[in-house]
Undergrad: 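A single structure is presented below for examination.
Every value quoted in this text rests on a predicted model; they were computed, and no experiment measured them. Chain A is the first sequence line, chain B the second, and so forth, proteins listed ahead of strands; every chain is numbered from 1.
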Amino acid sequence: MSVLQALDIGLASLVFAVATWTIFAPGAFAATVGYVVYGLLLALVWIRLFAVDVALTEAAIGSGVTGVLLIGAAARLRTAGTAGDEKPLSGLSRLFVAVLCVLVALALAGVVLLLPDQGPSLAQQSMQALPETGLGNPVTAVLIAYRAFDTMLEKVVLVLAVVGVWSLAADKYWGGAPGEARAASPEPTLAFLAQILAPLGILVGIHVFWVGADEPGGAFQGGAILAAMWIIVMMARLTEAPQTNAFWLRVALVAGSLVFLAAGVAGAIFAGSFFAYPPGFAKPVILFIEAFMVLSIAVTLPMLVAGPPRREPRQ
Amino acid sequence: MTVDSSAIAATAGGSLLPLAILVPALGVLLSFLIGGRRAEWIALGLMPLEFAVAVAIACLVWRSGQPLVYTLAGYAPPLGIALRADGFSAVMLLTAGLIAPAAALYARTNFATPPETEKRAPLVFWTLLQGIHAALSLVFLGGDLFNLYVGLELLTFAAVPLGSLDGRPETVAAALRYLLFALFGSVFYLLGVALLYGAYGTLDIALLAPLVRPEPAVWLAAGLITAGLLAKTALFPLHLWLPPAHANAPAAASAVLSGLVVKGSFFLVVRLWFDVLAALPGVIPGTILAGLGSAAILFGSVLALRQARLKLLIAYSTVAQIGYLFMMFPLASGPWAADAFSGGVMQAISHAFAKAAMFLSAGLVAESLGHDRIAGLDGAARAMPVTFLALGLGGLSLMGLPPSGGFVAKWLLMKASIASGQWLWAIVMAAGGLLAGGYLYRVLAPALSGESPALKKAPARSRESIALALALVALLLAFAPPSFFAFLQIGRPAAGLALQ
Amino acid sequence: MAEFLLATAGVILFTVAVGLVRILGGPGDADRLMAAQLIGTGGIGALLLISAATGAHGVEDVALGLALLAAFASAAFVNSAAPAEAPDSADGR
Amino acid sequence: MTSATLAGLVGAALVGLGLYGLIANPQPLRKILAFNLMGSGVFLVFGIVARKGAGAGLQADPVPQAMVITGIVVAFAASALAVALVLRLFEAAGRATLNPDGWTEPPGDGAGAE
Amino acid sequence: MSLLVDLFSIVAIGAGVFFFLAGTVGLLRFPDALSRLHALTKADNLGLGLVVLGLLPRSESLLAALKLVAIWALVQLAGATAAQLVGRAVRRKGTAA
């Protein structure tokens, strides 16, 4: 057991050190790379907490796709030369903020230490209700059955985020594609990478979604891996970003939440309660909803990374 | 430890509660999907239905004298999620159900879409307006703290982009600052939620309330959640984001942001301290909240006095009026508790109507004169009397002069603070009323005198009447019958609080 | 055996940590991106060893996901740095 | 249970670090990074709550895990919106800074906002 | 049998760790970015390959073993392309970009 403890302590210090670097690094780009490194280490921590579903999500979204988003932004802003523009806090207020943050962290650490070793839990109830959902993975059951309402609304949050990002376009570009028009010649190495990665990644994404019913995985994680594949294909310029006024794109963006919402209303009619599943048919209905959620996530995340439309729409 | 089973069992008519959230959510999805002009039609078409649902919920709560409860997905809490409507929720739903359509009708001129095309600002506006409506319904009805977190995020994502629709650097910066404050608030809120779950294994408000005991985890959670919500409510000193974000948004959006959106997170502060944490001794936290509120009243009013632009003045007056909302907290126990609660709620509602009316009027002023500089308002009231009438009537409520909802609110709060011997709050509120009179005088006095200026275009009669109607609602709240205040108490564990 | 696997995971994490100290600080962006690459390889190695030692279930998929995304930081950098050479015009409205 | 407690302490430290970065770091992009760091600290607190709720044959309570998954997706969406705002600000003002003095194009009428 | 498997794992994984160490030493010793890049990617990928090799006989199923191999192949690919991409970026901008 002691080796494991030593490893845990080492991992924890590494996470803390990289996080500190991310906050205090001299440049924005260095900090951003620090964050990517940090995200990957966090996936290890989640494994150590036996939360494999979360580790998958963290690896795909927290580290991978967020990393692309932030590194892209940092690389673009590197020319901004913001260093001289900002009024940094004065030494005294910096100290005050630091003391405040240390106090918050200490209070939190104290409370965390005080939490009972065997805390209250819904594990028992989750497992008891599991058979009627037809699922084997309780985390998926929480997301898609017990707390389906949360998950559906969270999909609506993603739709609003897309609307918000697109709202930053210039008027003349509304309906056009995101990203600048680029040179026709793609980076050959990147294209090569994308050509190999994409088919494999699609397989993995679908696999992760499919096993999610019973094993760690699910619609979020599978969708995020598929999203990453579309992102790399677009980065390699093997395909252009779609026009934001394309009807198929809108359909794909709202499909997950719309199907989920419709199923929720159907539950009120056929199963006696909003977002309830008809007894005996729970699993097929769940997989049906999840399939559309995968589609929506796989399309939404790349569109969020791509940013607002920056090209005039083609008629 | 024992929970009244009625708190988690669904009640008849409870299925209206998810509809109040799902109808506007459906509107968001369909507006974005179909796009173009249809976004506007969907928004306007669904609003009567949403209002009807709100009225039906209020009627059912009224008739039964009990909160409505609905358990989603057939799983009772703690595993599942419950929605609950008490008197306070029903009143807030009705308020949102009236102000959102008013803002929408007003906005038709600014966000019209030419046939067969889709334009950026209209599509974003109509989609996000419905998003705000869905989010507020969820915030008012949610019975689960994590579900409410999702509601808060919906609210943030719907509200932030409305402020930066014109794309000028200062509006984008304002939206970014708003987003950063809101995200800070979300993280703190979520952290508190994590601690509560760690302590008690449930996030359902009704189940949590009897379990909560004054212990470190709960105190820290309470502090974190409150701080997070205050950042979203823009209570002093976390108000920095509000004036630029609200003052630079299109008038219809400002009305919704200032009138309704900040009330969403305020509503949750009330939920937290009155329903979840009723078992905690509330004197010190209540005093802190009211102290910040007092600072907000004085600071916001003084800054409002110094603004050069009408919309910024109104936005700073929001900072001040938010302060009044928090006066109810130190007064929430004792025989005066019901008065204090009624006063706080009345302030939330009357400010919502009055502020919406004022922002819509200010929008008309800016459109008609081509600017909203206070120095250039000379004689403007002669050129557009109805607009300034709405502005003035709204101002009545802000000052707390009778007859207005603001008067009733401030009078109830003052009565409670004097009855409880906490006269300091009464003095601050009186001073705030005087300062409000001062900043309104700055606008109205020059507007009422001098030559009537040449208007770029006269405000449309229909849009003026929308603003006036809202101001009149704020006025009519003064005549709320005692049964209205009894209605607000439905579902309050008020007896319990009063006995603490 | 589990101890051995964990110890090797620890050694790999240690080498990664030493490497990070060297390159996260730069001097160039290329060095920093190497840090992302280094942690990708080392982290996946440590992940596999830890999961083999503790018997956590379904970890291969996490490693697979990380492996799929291992080159993304570099790709995003190259992708976003490229247009900077031809500065995009600040568009008016 | 050491690993869970350790993760909780790291979570607490991350919240403190992130909070500091969010307040004290003037660059918007760094603030977004700090927000993400703080968010993941909160998720870790959920993680130890889940781990301490192990039972019924599960090594961690699934309910907080599901909440973290929802939270990660929402945090990503928030970062995307924030990054889009920063980049838009960069385009419109020539600088990605919240401080209007740094903008190269003269701001319009509402410059006195803050 | 189990002993043999353990021995195989120990040897392979031990060798893998050695290459990770070697990669880091290269990282510390080489003077310029490009040679550091190549030292690092080569050594680390070999290290990971050996670790995977050592873990192969311990995997639960054929699918799990297949995944292990795929992981190694993907990291190999990522390392090679990242070295190319970053290397070119370095050459384009001069060493200290």
Undergrad: Please state whether the side chain, the backbone, both or neither of P216(B) comes within less than 4.5 Å of a heavy atom of chain A.
TA: both
Undergrad: Answer yes or no: is there a side-chain heavy-atom contact under 4.5 Å between S273(A) and L72(B)?
TA: no
Undergrad: Report the distance from atom OG of S167(A) to atom CG of L128(B), rounding to the nearest 0.5 Å.
TA: 7.0 Å
Undergrad: What part of Q128(A) gets closer than 4.5 Å to chain B, counting heavy atoms only: side chain, backbone, both or neither?
TA: neither
Undergrad: Report yes if the side chains of N147(B) and L153(A) come closer than 4.5 Å at any heavy-atom pair, otherwise no.
TA: yes
Undergrad: Could you grab the distance from atom CZ of R250(A) to atom CD of E118(B), nearest 0.5 Å is fine?
TA: 4.0 Å
Undergrad: Non-hydrogen atoms of chain A under 4.5 Å away: do they reach the side chain of L220(B), the backbone, both or neither?
TA: side chain
Undergrad: Please tell me if the side chains of L108(A) and L195(B) come closer than 4.5 Å, counting only heavy atoms from C-beta onward.
TA: yes
Undergrad: Who among V172(B), L30(B), V124(B) has the most heavy-atom pairs with chain A under 4.5 Å?
TA: V124(B)
Undergrad: Looking at L19(B), L22(B), T127(B), which makes the most heavy-atom pairs under 4.5 Å with chain A?
TA: L22(B)
Undergrad: Taking side chain as everything from C-beta outward and backbone as N, CA, C, O, which of these in L83(B) sits under 4.5 Å from a heavy atom of chain A? Side chain, backbone, both or neither.
TA: side chain
Undergrad: Report which part of L26(B) has an atom under 4.5 Å of a heavy atom belonging to chain A: side chain, backbone, both, or neither.
TA: both
Undergrad: Counting only heavy atoms closer than 4.5 Å, note whether V162(A) contacts chain B via side chain, backbone, both or neither.
TA: side chain
Undergrad: Would you check if K119(B) and W174(A) make a side-chain contact, meaning some heavy-atom pair closer than 4.5 Å?
TA: no
Undergrad: Please look at F32(B) and chain A and tell me whether the side chain, the backbone, both or neither of the residue comes under 4.5 angstrom of a heavy atom of that chain.
TA: both
Undergrad: Angle between ring planes, Y70(B) versus F274(A), binned at 30° and 60°: parallel, tilted or perpendicular?
TA: perpendicular
Undergrad: Which members of residues 134-145 of chain B, sorted by number, sit under 4.5 angstrom from chain A on a heavy-atom basis?
TA: L138(B), D144(B)
Undergrad: Where on A161(A) is there a heavy atom nearer than 4.5 Å to chain B: the side chain, the backbone, both, or neither?
TA: both
Undergrad: Would you give the length of the straight line joining atom CZ of R147(A) to atom CZ of F146(B), rounded to the nearest 0.5 angstrom?
TA: 6.5 Å
Undergrad: For L258(A), is it the side chain, the backbone, both or neither that has a heavy atom under 4.5 Å from a heavy atom of chain B?
TA: both
Undergrad: Quick check for you: to the nearest 0.5 Å, what is the distance between L160(A) atom CG and L154(B) atom CG?
TA: 6.0 Å
Undergrad: Look at S121(A), S126(A), P116(A) and state which one has the largest set of heavy-atom pairs under 4.5 Å with chain B.
TA: S126(A)
Undergrad: What I'd like to find out is whether the side chain of F275(A) reaches to under 4.5 Å of the side chain of Y75(B), using heavy atoms alone.
TA: no
Undergrad: Among L162(B), V28(B), L123(B), which residue forms the greatest number of heavy-atom pairs with chain A at distances under 4.5 Å?
TA: L123(B)
Undergrad: Let me know if Y197(B) has heavy atoms under 4.5 Å from chain A in its side chain, its backbone, both or neither.
TA: both
Undergrad: Under a 4.5 Å heavy-atom cutoff, which of A145(A), P309(A), A148(A) has the most pairs with chain B?
TA: A145(A)
Undergrad: Out of curiosity, Q124(A) CD to L79(B) CG, how far, rounded to the nearest 0.5 Å?
TA: 11.5 Å
Undergrad: Measuring only between side-chain heavy atoms, which start at C-beta, is V150(B) closer than 4.5 Å to F149(A)?
TA: no
Undergrad: Between V159(A) and chain B, which part of the residue has a heavy atom less than 4.5 Å away: side chain, backbone, both or neither?
TA: side chain
Undergrad: State, to 0.1 Å, how close P120(A) and G201(B) come at their nearest heavy-atom pair, and which atoms those are.
TA: CG-N, 3.4 Å
Undergrad: Do L168(A) and P161(B) have side-chain heavy atoms sitting under 4.5 Å apart?
TA: no
Undergrad: Does any part of the side chain of L33(B), heavy atoms only, come nearer than 4.5 Å to the side chain of F247(A), both counted from C-beta?
TA: yes
Undergrad: Please table the atom pairs, donor to acceptor, closer than 3.5 Å between any side-chain atom in residues 261-272 of chain A and protein atoms at least two apart or in another chain.
TA:
none

